[in-house]
Structures are given as structure tokens and as C-alpha cells.
Undergrad: 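The following block contains the structure, expressed as C-alpha cells.
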There are 2 protein chains.
Amino acid sequence: MNTMFWKTIGICAATLTTFSFVPQIIKIIQTKSSKDLSLITLLQFALGVFLWMIYGIHIKDIIIITANTVTLVTIITLISLYFVYKKP
Amino acid sequence: MNTMFWKTIGICAATLTTFSFVPQIIKIIQTKSSKDLSLITLLQFALGVFLWMIYGIHIKDIIIITANTVTLVTIITLISLYFVYKKP
């Protein structure tokens, strides 16, 4: 199979994972409920993605930097919404 | 800064993101509730990680293959638990 095919697979993979928290953000806004979400998962993911971003800057890989910066923004948004809609 | 430092950053980043759904799996088992989770997020993430795995096999990168295979297993577990504990 050709290079174009594999490049497309890579781009699809990166796009799907980078924006995967967007439907969760939409759901939390619609339902105004966040109690079933694991805060540890969100914080662990945020820290991991932050380190990926730092690593990407070190190896000067624009794809790793961009994908992880966008993901970090969506996770920080989600963590903020978690606290906004967290019921006592 | 030395290579060892950056290798450690990369390993920490990969470990944190690979196992990020584990606390969510533990929480869903403890609370027996999954209604606030976005199924679209889980399915989108699973498809993205699956494509990353395929891409890793293509470029013969053992790190990409391993990390994404482990993540895929945790997401499939989470999707199964989502349906087990989904209330009507």
C-alpha cells in the first residue's frame, strides 16, 4: 500500500484522539452533571499530555506539539467543567 | 540537559497517558454508574487508538504498538463497563 494511504491513517488517528474529549465536553454542558467522571483520569491524562508536549518541543516535532497542545486545552476545559458541575 | 532526562520525560508521558483510563475503570466499578460518560468520546478514542496501533505496525515502532494496544484494551474494558452499568 502507498505512502498516501498510511499518511491518511496517521492523520485520522491523530485527529480522532486529539479531539476525543470534545463529545464529553458537549455532554457535560448538556447534562450539567460530572459525578461519574474520574478526576484522577483527567489529571493523569493532562499531566501525560503536558509531558508529551514538552517532549515534542525538545525533539522539535510540530505534529506532537500541535496534537498535544490541542488535547491539553480540551482536557483543561473538561477539568474546569468537572468542578463547575460537580454536585456535593 | 542530557538524553537520559528526555528519555525519562518521554517514558513518563507514555506511561501516564497509556494508563489514564485505569482510575476511570476503578471508579465505574465502585460507583456502578456510567451515565455521565460520553460513549462517543470512548468510541472515538478507541477508533483513534486502533488506527495508531495499525500505523505503529506499519512503521514497525514497538513503543507506538505497545502503548496503543494497552490503551485499546483499557478503553474496550471501559466501553463494556459503560453498557453493564448504564441505567435506562
Side-chain angles (χ1 to χ4, degrees), chain A residues 1 3 5-59 64 67-68 71-72 74-75 78 81-82 85-87, chain B residues 1 3 5-59 64 67-68 71-72 74-75 78 81-82 85-87:
Chain A
M1 281 185 267
T3 317
F5 173 80
W6 288 108
K7 200 169 260 182
T8 308
I9 292 288
I11 292 168
C12 285
T15 308
L16 284 168
T17 51
T18 299
F19 294 101
S20 59
F21 286 113
V22 174
Q24 182 68 71
I25 289 172
I26 295 169
K27 177 156 186 172
I28 210 170
I29 292 170
Q30 286 175 339
T31 63
K32 301 187 197 307
S33 176
S34 65
K35 73 166 179 53
D36 293 339
L37 296 183
S38 163
L39 182 60
I40 302 168
T41 282
L42 297 178
L43 293 174
Q44 184 176 329
F45 212 94
L47 180 61
V49 163
F50 174 74
L51 291 180
W52 270 127
M53 194 184 71
I54 299 290
Y55 186 78
I57 292 168
H58 170 66
I59 64 167
I64 294 180
N68 287 286
T71 308
L72 189 60
T74 65
I75 298 177
L78 196 50
L81 290 168
Y82 173 87
Y85 293 121
K86 191 176 178 292
K87 307 247 163 42
Chain B
M1 280 186 269
T3 317
F5 173 80
W6 288 108
K7 200 169 260 183
T8 308
I9 292 287
I11 291 168
C12 285
T15 308
L16 284 168
T17 52
T18 299
F19 294 101
S20 60
F21 285 114
V22 174
Q24 183 67 71
I25 289 172
I26 294 168
K27 176 156 186 170
I28 210 170
I29 292 170
Q30 285 175 339
T31 63
K32 301 186 195 310
S33 175
S34 65
K35 74 168 179 50
D36 293 337
L37 296 183
S38 164
L39 182 60
I40 302 167
T41 281
L42 297 178
L43 293 174
Q44 184 177 327
F45 212 94
L47 181 60
V49 164
F50 175 74
L51 292 181
W52 270 127
M53 195 183 70
I54 298 291
Y55 186 77
I57 292 168
H58 170 65
I59 64 167
I64 295 180
N68 286 287
T71 308
L72 189 59
T74 65
I75 298 177
L78 195 50
L81 290 169
Y82 174 88
Y85 293 120
K86 191 177 179 291
K87 307 241 161 49

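Reminder, nothing fancy here: chain letters follow the sequence lines and each chain counts from 1.
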Undergrad: Between A/Ser34 and chain B, which part of the residue has a heavy atom less than 4.5 Å away: side chain, backbone, both or neither?
TA: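 Contact with chain B involves the backbone of A/Ser34 alone.
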
Undergrad: If you count every heavy atom of other residues, nucleotides or ligands that lies below 6.0 Å from B/Lys7 atom NZ, does the total exceed 12?
TA: no

Undergrad: By side chain to side chain contact (heavy atoms under 4.5 Å, CB included), which residues pair with B/Ile25, not counting sequence neighbours?
TA: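 Partners of B/Ile25 by the side chain to side chain contact (heavy atoms under 4.5 Å, CB included) criterion, ordered by chain and then number, come out as B/Ile29, B/Thr74, B/Thr77, B/Leu78, B/Leu81.
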
Undergrad: In residues 48-55 of chain B, which residues are in contact with chain A at a heavy-atom separation under 4.5 Å?
TA: B/Gly48, B/Val49, B/Leu51, B/Trp52, B/Ile54, B/Tyr55

Undergrad: Rounded to the nearest 0.5 Å, how far apart are CG of B/Leu43 and CG of A/Leu16?
TA: 11.0 Å

Undergrad: Counting heavy-atom pairs closer than 4.5 Å to chain A, which one of B/Ile59, B/Asp36, B/Asn68 comes out on top?
TA: B/Asp36

Undergrad: Under 4.5 Å heavy-atom distance to chain A, tell me which part of B/Ala46 shows up: side chain, backbone, both or neither.
TA: neither

Undergrad: Any side chain to side chain donor-acceptor pair (under 3.5 Å) involving residues 18-32 of chain B? Give me the pairs, sequence neighbours left out, ordered by first then second residue.
TA: none

Undergrad: Relative to the ring of A/Trp6, is the ring of B/His58 parallel (under 30°), tilted (30 to 60°) or perpendicular (over 60°)?
TA: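 Parallel: the ring planes of B/His58 and A/Trp6 meet at under 30°.
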
Undergrad: Quick check for you: among B/Gly56, B/Ser38, B/Ala14, which has the greatest number of heavy-atom pairs under 4.5 Å with chain A?
TA: B/Ser38

Undergrad: Name all residues meeting the ring pair (Phe, Tyr, Trp, His ring centres under 6.0 Å) criterion together with A/Phe19; count only those two or more places apart in sequence or in a different chain, and write none if there are none.
TA: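 A/Phe19 satisfies ring pair (Phe, Tyr, Trp, His ring centres under 6.0 Å) with no residue once adjacent residues are dropped.
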
Undergrad: Quick check on B/Ile40: does its CD1 atom have over 12 non-hydrogen neighbours (other residues, nucleotides or ligands) under 6.0 Å away?
TA: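 Open: at most 12 neighbouring heavy atoms sit under 6.0 Å from CD1 of B/Ile40.
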
Undergrad: What residue in A/Val22, A/Leu47, A/Thr17, A/Thr15 has the most heavy-atom pairs under 4.5 Å with chain B?
TA: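 Highest number of pairs under 4.5 Å: A/Thr17.
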
